Amino acid sequence: MAPTNSDIWTQSIMSSKCNDNMRRRFNDEQIKSLENMFETESRPELRTKQQLAKRLGLQPRQVAIWFQNKRARSKSKQLELEYRMLQISYDNLGSKYELLKKEHESLLIQLQRLRKLMEKDENEEIEKDVIKSETEVKQDDFAPEFGLPLCEDSRGIDYLGPESDILDMAQIADGLSEIENEYNFESRTFLHDTGCTSPLWEF
DNA sequence: TTGTGTTTTATTGCCTCC
DNA sequence: GGAGGCAATAAAACACAA
């Protein structure tokens, strides 16, 4: 009658305890063979493990345990690697954010300057209009057929382009502020919320 | 030499699958 | 219910600074 798996297991435990009570590290050749096997198959079948154990002069249980521990070590290293990648990715994102923040600040300053300029021009235009209308009132007294009615909004056409640009800039600035509020880069807590385990990171 | 930290081998207990 | 996997942990072996 052929021995069952549990028979082999028990036998393996008994012999490993009886042969030597001293725990010994595997030699270089054993480690090398086990590593090679692990590269091709991290979860070998029972028969494969038994054959390998026989070849290396180890108990099948020792080989099985070695594979279990190796899988655990491998997983741990992989996690460490993924964590480092994630950290690099986070740092890059932080740098980009800082650049955008500076750009945002300089745009706001630019916007302020342009608004002041606009206010100045508007005041000058109003003064001109007042002077102009006073002059025209006098001219109408002498030659009313040449007088054209002055439209208060006529000057607006000249400012339509630049003004709309400034409005756009203001909207962009407001948008950036919203983003800034939404993603607070002072905190790294969002890292803990990521459930990504993929080893395939793209930068 | 020795204390301490790290790595490796082994055990235990629990879980899932067939 | 047995087999095998995994996580957590123990314990031996090893490395190394003081």
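Naming: A, B, ... by sequence-line order, numbering from 1 per chain. Since this is a predicted model, take the numbers as computed values, not measurements.
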task = Determine, step by step, whether A:Asp121 and A:Glu124 satisfy the side-chain contact (heavy atoms from CB on, under 4.5 Å) criterion, reporting the C-alpha distance in whole Å, the side-chain angles of both residues, the deciding distance to 0.1 Å, and the verdict.
result = CA-CA 5 Å; A:Asp121 283 353; A:Glu124 282 174 5; 4.1 Å; yes

task = Check the pair A:Ile65 / A:Arg61 against side-chain contact (heavy atoms from CB on, under 4.5 Å), numbers first and verdict last.
result = CA-CA 6 Å; A:Ile65 288 167; A:Arg61 181 172 162 78; 3.7 Å; yes

ask   = Between A:Trp66 and A:Ile31, does a side-chain contact (heavy atoms from CB on, under 4.5 Å) hold up when you go through it step by step?
value = CA-CA 9 Å; A:Trp66 186 90; A:Ile31 297 288; 4.0 Å; yes

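Atom P of nucleotide B:dT8 and atom CG of A:Asn27 are separated by 15 Å, given to the nearest angstrom. Spacing between atom CD of A:Glu45 and atom P of B:dC18 amounts to 15 Å, rounded to whole angstrom units. Spacing between atom CG of A:Leu34 and atom P of B:dT8 amounts to 13 Å, rounded to whole angstrom units. Taking atom CZ of residue A:Phe26 and atom P of nucleotide C:dA12, one finds them 16 Å apart after rounding to whole Å. The interatomic distance linking A:Gln59 (CD) with B:dT9 (P) rounds to 15 Å, in whole Å. In this structure, the CZ atom of A:Arg43 is 7 Å from the C1' atom of C:dG5, given to the nearest Å.
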Polar-atom pairs under 3.5 Å, protein N or O versus N or O of nucleotides 5-7 of chain B: list them with distances, or write none.
unit_1 : atom_1 : unit_2  : atom_2 : d
B:dT7  : O2     : A:Arg25 : NH2    : 2.7

Each nucleotide N or O in nucleotides 7-9 of chain C that has a protein N or O under 3.5 Å away: list the pair and distance.
unit_1 : atom_1 : unit_2  : atom_2 : d
C:dA7  : OP1    : A:Lys75 : NZ     : 2.2

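The side chain of A:Arg24 places no N or O atom within less than 4.0 Å of a non-bridging phosphate oxygen (OP1 or OP2) of C:dA13. At B:dT9, one or more side-chain N or O atoms of A:Trp66 fall inside 4.0 Å of OP1 or OP2 (strictly under the cut-off). Neither OP1 nor OP2 of B:dT9 sits under 4.0 Å from any side-chain N or O of A:Arg61. An OP1 or OP2 oxygen of B:dA10 is reached within less than 4.0 angstrom by a side-chain nitrogen or oxygen of A:Gln62.
Within the structure, side-chain hydrogen bond (donor to acceptor under 3.5 Å, both in side chains) pairs that include any residue of residues 27-38 of chain A comprise A:Glu35-A:Lys70 (at least two apart or interchain). Residue pairs meeting the salt bridge (Lys or Arg N to Asp or Glu O under 4.0 Å) criterion with at least one member in residues 41-53 of chain A, sequence neighbours excluded, do not occur.
In this structure A:Gln68 satisfies the side-chain contact (heavy atoms from CB on, under 4.5 Å) test together with A:Arg71, sequence neighbours excluded. Listed by chain and number, the residues in a side-chain contact (heavy atoms from CB on, under 4.5 Å) with A:Glu39 amount to none (sequence neighbours excluded).
Within 4.0 Å (heavy atoms only), A:Lys49 reaches sugar-phosphate atoms of the nucleic acid but no base atom. Residue contacts for A:Leu58: at a heavy-atom cut-off of 4.0 Å it reaches no nucleic acid atom on any strand shown.
The pair A:Arg84-A:Glu80 meets the salt-bridge criterion, since a charged nitrogen lies less than 4.0 angstrom from a carboxylate oxygen.
The aromatic rings of A:Phe38 and A:Phe67 lie tilted to each other, with the angle between the two planes from 30° to 60°.
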